[in-house]
Participant: 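There's a structure below that I have some questions on.
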Amino acid sequence: MVMTDLLEQAFSSEVFRRQGHQLVDRLADYLQQIVRRPETLVMPGYEPEELLREWRQLLADPTPVPFTELVEKLLQQSIHLHHPRNCGHQVAPPAPITALAELISALLNNSMAIYEVGPAGTAIEKAVLGWLAQRLGMAAGTDGILTSGGSLGNLTGLLAARQERGGCDAWEEGAHEGLPMAVMVSEESHYSVARALKIMGFGSQGLIKLPVNERLQVRPELLDPILQAARAKGQRVIAIVANACSTSTGTYDPLPEIGEFAKKNDLWLHVDAAHGGAAGLSPKYRHLVQGLAEADSLVIDFHKMMLCPALATAVLFSEGGALNRIFAQKANYLLPEQVQIPWQNIAQNTVECTKKMMGLKIMMLLKTVGEGIFAEYITHSYDLANDFAAVLKAEPDFKLAVEPQANIICFRHQPGQVPAGQWGRYNAELRRRLIAHGRFYIVQTVIAHETYLRITLMNPFTDLDDLGELLAEIRCFGLQVSQA
Ligand SMILES: Cc1ncc(COP(=O)(O)O)c(C=O)c1O
């Protein structure tokens, strides 16, 4: 068979070599420019419709575009996560080696569903999960999978809860019989937990919200009365979900007390540790996740506090057998019965069939840089948050919403000239102006019905000078807003 010109070109190793070198050189320059140059804007100032029009026009035009031109366009139009003044959401600025690992993974494209189609990837995944479980102090029988994101990870943990504590074989027979199932969930949980329960057919009634204290932590003394009230209403409570830490404010729930309660009442404990579970790798902050290792299931995102690009989430089960029961599936073309050694056939244990070789970037980071990077990164980020909180407390025109436990800080500007009733609207408007200006990226949240500014210190190159500049900009845009 004769290859067409286009196929020849698309698969040319020489073209790949040339473009690859160009790309790595350009990205290295980009990193150099972004990491230590606060004058570069964090956010591109494009309007969504403008960008859509531009890319549509490009697509409609049959003229080829040079690879380097496309790369420039992307760099220009993207938010810069390696910029020290990007303090927005909980997305890691990836360590560059992990991006190289993604390149290998993309080209090899081993699809991971079963051992045969991803031998190294499958073994690496098992090894990386074992490493993480061990570092967290989990029991020897722990097992898990890597999956595409914390949201899918939470769904996976809750599916296990239903199978293991629902009192029925939900997988084979459905969950139609008996009392309606419900799960107790912190009021501060990530929305993916509520979504998972709705996907599972629990409805709004199936999510029992747990009130929090002034630090936004679940109140252990309320667990028993809430459980009794739910049971009296005819609900079959099967699980409890705790945060380590919460998304909005970075608050850790009291895991030992919640764990004890769960055990006593035969409830499955799922801990959403997507952001804050990595604290277990920092000797200084490990105490925050005390009790995590005893959870029945937990999730930790490598693309949050473990310096990897999206996506890679560890879902760990302290009793590994649970993992093999939740998704038991027959597929004669892929999962013939004679090769049912669970760890070798990952597709059997997860929602996904084809998936990326997610463990590779973690393995590469661990083996080329060393695992000490995690302790260093987490300790530095959490320390910086504490230092910044101290700065805020010393400024009379700022208010810290909650004492930070992680690297998430919520606060607001409340200068004397703005009436108290308007602080929420005032802060939202000054944030809008500040991010449109582009020198910082920060976000906002609502705590106890009040709007606060929210920053997450994900970038190891952010320092107190950057944050001092941020306060100066907030005051400056604040003045504009109050005078408008
Ligand atoms: C606590 C927590 N859980 C789950 C998620 C969802 O993770 P993902 O975006 O990887 O689906 C997030 C995302 O911010 C989170 O903060």
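As the structure lists them, so they are numbered: ligands from 1, and atoms in each ligand from 1.
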Participant: What is the closest protein heavy atom to atom 11 (O) of ligand 1, and at what distance does it sit?
Facilitator: Ser151 OG, 2.7 Å

Participant: Do Tyr30 and His82 meet the criterion of a side-chain donor-acceptor pair at a distance under 3.5 Å?
Facilitator: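 No, no side-chain donor-acceptor pair sits under 3.5 Å.
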
Participant: Would you call Gln90 a ligand 1 contact, heavy-atom distance under 4.0 Å?
Facilitator: yes

Participant: With no hydrogens and no angle check, do the side chains of Glu54 and Gln77 hold a donor and an acceptor under 3.5 Å apart?
Facilitator: yes

Participant: Once you restrict to heavy atoms under 4.0 Å, what part of Asp301 touches ligand 1? Side chain, backbone, both or neither.
Facilitator: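 It is the side chain that gets close, since no backbone atom is under 4.0 Å.
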
Participant: Would you mind listing which atoms of ligand 1 come within a distance below 4.0 Å of any non-hydrogen atom of Ala274?
Facilitator: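 Those atoms are 2 (C), 3 (N), 4 (C).
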
Participant: Could you tell me the residue and atom name of the protein heavy atom closest to atom 8 (P) of ligand 1, and the distance to it rounded to 0.1 Å?
Facilitator: Gly150 N, 3.3 Å

Participant: Nearest to atom 3 (N) of ligand 1, what protein heavy atom do you find, and at what distance?
Facilitator: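 Here the nearest protein heavy atom works out to Asp272 OD2, 2.7 Å.
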
Participant: Does His89 reach ligand 1, in the sense of a heavy atom lying below 4.0 Å from it?
Facilitator: no

Participant: Less than 3.5 Å apart, any donor N or O on the side chain of Lys198 or Ser204 sitting next to an acceptor on the other?
Facilitator: yes

Participant: Does one side chain, of Ser248 or Ser246, offer a donor that lies under 3.5 Å from an acceptor on the other?
Facilitator: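 Ser246 and Ser248 do not have a side-chain donor-acceptor pair below 3.5 Å.
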
Participant: Give the residue, atom name and distance (to 0.1 Å) of the protein heavy atom nearest atom 7 (O) of ligand 1.
Facilitator: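 Minimum-distance protein heavy atom for atom 7 (O) of ligand 1 reads Lys304 NZ, 3.1 Å.
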
Participant: Using only heavy-atom distances, determine whether the side chains of Gln414 and Arg412 contain a donor-acceptor pair under 3.5 Å.
Facilitator: yes

Participant: Strictly by modelled atom types, are Glu50 and Trp55 linked by a side-chain donor-acceptor pair under 3.5 Å?
Facilitator: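 Glu50 vs Trp55: no donor-acceptor pair found between side chains.
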
Participant: Of the protein's non-hydrogen atoms, which lies at the shortest distance from atom 15 (C) of ligand 1, and what is that distance?
Facilitator: Thr247 OG1, 3.3 Å

Participant: So among Tyr382, Phe411, Phe398, which one has a ring pair (Phe, Tyr, Trp, His ring centres under 6.0 Å) with Phe388?
Facilitator: Phe411

Participant: In terms of side-chain heavy atoms, does His190 have a donor or acceptor partner in Asn243 at a distance below 3.5 Å?
Facilitator: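 No, no side-chain donor-acceptor pair sits under 3.5 Å.
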
Participant: Would His303 count as a polar contact of ligand 1, with the cut-off being nitrogen or oxygen pairs under 3.5 Å?
Facilitator: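 There is such a contact, yes.
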
Participant: Could you check atom 6 (C) of ligand 1 against the protein and tell me its nearest heavy-atom contact, residue, atom and distance included?
Facilitator: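 I find the closest protein heavy atom is His190 CE1, 3.3 Å.
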
Participant: Within the structure, is a non-hydrogen atom of Cys245 found at a distance of less than 4.0 Å from ligand 1?
Facilitator: yes

